[in-house]
2 protein chains.
Amino acid sequence: MTSRTPAETARDIPEATVARLPVYLRALISLIEHGISTCSSEELARAAGVNSAKLRKDLSYLGSYGTRGVGYDVAYLRYQIAREIGVTQDWPVVIVGIGNLGHALANFSGFRSRGFRVVALLDADPARQEESVSGIRIRPFDHLETIVAEHSVAIGVIATPAHAAQDVADHMVTSGIRSILNFAPTVLSVPEGVDVRKVDLSIELQILAYHEQRKTQGESA
Amino acid sequence: MTSRTPAETARDIPEATVARLPVYLRALISLIEHGISTCSSEELARAAGVNSAKLRKDLSYLGSYGTRGVGYDVAYLRYQIAREIGVTQDWPVVIVGIGNLGHALANFSGFRSRGFRVVALLDADPARQEESVSGIRIRPFDHLETIVAEHSVAIGVIATPAHAAQDVADHMVTSGIRSILNFAPTVLSVPEGVDVRKVDLSIELQILAYHEQRKTQGESA
DNA sequence: CTCGGTTTGTTCTCAGGTTCACAAACTCCT
DNA sequence: AGGAGTTTGTGAACCTGAGAACAAACCGAG
Ligand SMILES: NC(=O)c1ccc[n+]([C@@H]2O[C@H](COP(=O)([O-])OP(=O)(O)OC[C@H]3O[C@@H](n4cnc5c(N)ncnc54)[C@H](O)[C@@H]3O)[C@@H](O)[C@H]2O)c1
Ligand SMILES: NC(=O)c1ccc[n+]([C@@H]2O[C@H](COP(=O)([O-])OP(=O)(O)OC[C@H]3O[C@@H](n4cnc5c(N)ncnc54)[C@H](O)[C@@H]3O)[C@@H](O)[C@H]2O)c1
């Protein structure tokens, strides 16, 4: 095995693997909290809810951090995954649209513990701007560009109604944000180089409904 | 083209297609609201943010609902997709854990308009049980079984802290719920035949962070 | 009725992801 | 030191999904 400087870390991790790394990270943190210092791929895979072969292959993209015949050092692996994902330092985040959902997000303590820090809450409604949520004052939406520049914000969260989401996204992009998490049920179009991920309650429920319908049909037939 | 009774509708729609049908449905509804009665696969694909070949292939699993040289009848296709997903009638849903997030979900108007109806809000904390959210009273968690039986609830939403989620899921399963949407950041284990989908903010943000880190690295190199 | 233009439904090919299975590498015990 | 037992890392087979490309089917004009 060749020694591996951070700079020459493998460049191309498959997208499916990237999506699972946070799950492994969480499982490792849970193991640490239970005082477990070493684990096999089998155990970690069970904790993460995946196949152990898949887990091993996923980890192999990061490097060779296990020991054959022994398993993985939990704390070491945790650090390596966190470093690979990029959550060893906190990422500044802005949330736009502080309604029902925005309030819940702003109050959500899981943010800070997972490598993110809410630096600003923005809303277009002046009535909202009197308010503070968990110690952060709600500010006017047109402060976006200033705030992004000031805090080097790279990640924006959209929690506005669907009809406002594209406009908000456009402003985020011109302000320099290149990663967007969208809770509004709408397709965003953004330039090349900007990543958008969506979280969509209705879609998830509809997928469940589809399968539920099939189950029920099979029953009555 | 053979005539097709509802019963002999194609049985095996690929999972990737199932996940996109709700997106198409939403796009079609939006077209209807704009007074558009016919559209080509190209136009619908643009509205849904996908490749037109992919859209056509997806729709072909449902049947042959378009007309060559013309396109699709928007209202007709909308109905067919809704029927396939199973959202032509409302599905009763229970939400467990009415904290920050649970409140937002309970207040969310998009539920009813998308084929779902919240029949009960449940929480273990007696202090919560004084409260009503958008006209629905919060009830004790141990009413779950009764409520599920009474309303034939098939879908449950978990919005409790992570440490309570597995216990809630177990109770849901024994009550007869076979589809679970989980917002708690934990892996649920459920018996064969029960579907779980998760919505996980931290994972989405970490995936964005991973790509963001790569972008920034490339820049400074 | 025929022909040109349009758009669907489908076939084919390729890329990506999952799982199996096993050699290589390690530990511990004798 | 050697051998038995364990567990990783990975090659290879298999499966699923994406996209290009095109024949079949439809419309409307002349
Ligand atoms: N509430 C939920 O549980 C839930 C669940 C799933 C999806 N969603 C989606 O999340 C989004 C927000 O939902 P909500 O229930 O919080 O809605 P909401 O109406 O309570 O809040 C929206 C907020 O966005 C602000 N806003 C509107 N236009 C804006 C603009 N151009 N710039 C900045 N701020 C603007 C409004 O002032 C308001 O405060 C919606 O798109 C909704 O469909 C919500
Ligand atoms: N708030 C957010 O924006 C957000 C975002 C992403 C994920 N989450 C996750 O969603 C979950 C809920 O978050 P929250 O901020 O609403 O938390 P919260 O603490 O505000 O609410 C949790 C609620 O669950 C209830 N509860 C606890 N144990 C229960 C049990 N056994 N049965 C029934 N009810 C029980 C509590 O009484 C409380 O009302 C958490 O797992 C959190 O990690 C929240």
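Every value quoted in this text rests on a predicted model; they were computed, and no experiment measured them. No hydrogens, no waters, no symmetry mates; every other heavy atom, side chains included, goes into these values. Quick note on labels: first sequence line is chain A, next is B, and so on, each numbered from 1.
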Worksheet, complete the sentence: Against the side chain of Arg56(A), the closest entry in dA25(D), dT10(D), dG17(C) is dT10(D)

Fill in: Nearest-nucleotide pick for Thr67(B), side chain only, options being dG9(D), dC26(D), dT18(C)
dC26(D)

Fill in: Check ion pair Arg78(A)-Asp73(A) (N to O, under 4.0 angstrom)
no

Fill in: Separation of atom CG in Asp73(B) from atom C1' in dT8(C), rounded to whole Å
15 Å

Discussion item. Within this structure, what is the CG-CG distance for the pair Leu208(B) and Leu181(A), rounded to the nearest 0.5 Å?
Written reply: 6.0 Å

Worksheet item: Within this structure, what is the CG-to-P distance between Leu59(A) and dT8(D), rounded to whole angstrom?
Response: 9 Å

Worksheet item: Expressed in angstrom and rounded to an integer, what is the separation of Gln80(A) atom CD from dT8(D) atom C1'?
Response: 16 Å

Worksheet item: So, is Tyr72(A) near the phosphate of dG9(D), with a side-chain N or O under 4.0 Å from OP1 or OP2?
Response: yes

Worksheet item: What is the distance, rounded to the nearest whole Å, between atom NZ of Lys54(B) and atom C1' of dT16(D)?
Response: 13 Å

Fill in: Nearest-neighbour nucleotide for the Pro14(A) side chain, dT27(C), dT18(C), dG17(C) considered
dG17(C)

Item to complete: Check whether any side-chain N or O of Lys57(A) sits under 4.0 Å from OP1 or OP2 of dT10(D), and answer yes or no.
Response: no

Item to complete: Not counting sequence neighbours, which residues clear side chain to side chain donor-acceptor pair (under 3.5 Å) with Arg112(B)? List them please.
Response: none

Item to complete: Classify the side-chain pair Arg83(B)/Thr88(B) by whether it contains a donor and acceptor separated by less than 3.5 Å.
Response: no

Worksheet item: What's the CG-P distance between Leu55(B) and dT8(C), to the nearest Å?
Response: 8 Å

Item to complete: Looking only at side-chain atoms of Asn51(A), point me to the closest of dC20(C), dG17(C), dT10(D).
Response: dC20(C)

Worksheet item: Atom CD of Glu15(B) to atom P of dA18(D): distance rounded to whole Å?
Response: 12 Å

Item to complete: Nearest-nucleotide wise, let me know which of Ala16(A) and Gly69(A) is further upstream toward the 5' end of DNA chain C.
Response: Ala16(A)

Worksheet item: Can you pull the side-chain hydrogen bond (donor to acceptor under 3.5 Å, both in side chains) pairs that have at least one residue in residues 89-101 of chain A, sequence neighbours excluded?
Response: Asn100(A)-Asn107(B)

Worksheet item: Nearest to the side chain of Ser64(A) - dG9(D), dC20(C), dT18(C)?
Response: dG9(D)

Practice prompt. Sequence neighbours left out, what passes ring-ring contact (aromatic ring centres under 6.0 Å, His included) with His211(A)? Give chain and number order.
Written response: none

Worksheet item: By a strict heavy-atom criterion of less than 4.0 Å, which residues belonging to residues 17-45 of chain A are in contact with DNA chain C?
Response: Arg20(A)

Discussion item. Applying side-chain contact (heavy atoms from CB on, under 4.5 Å), can you list everything that pairs with Ala48(B), at least two apart in sequence or on another chain?
Written reply: Val23(B), Tyr24(B), Ala27(B), Val50(B)

Worksheet item: Among dA23(C), dT19(C), dT8(C), which nucleotide sits nearest the side chain of Arg68(A)?
Response: dA23(C)

Worksheet, complete the sentence: Hits for side chain to side chain donor-acceptor pair (under 3.5 Å) against Ser179(B), two or more places apart or cross-chain, chain-then-number order -> Glu212(A)

Practice prompt. Grab the OH-C1' distance between Tyr65(B) and dA25(D) for me, whole Å please.
Written response: 18 Å

Worksheet item: Considering only dT27(C), dG9(C), dT18(C), which nucleotide approaches the side chain of Val70(A) most closely?
Response: dT27(C)

Item to complete: Measure the distance from CG on Asp58(A) to P on dT8(D) and round it to the nearest whole Å.
Response: 14 Å

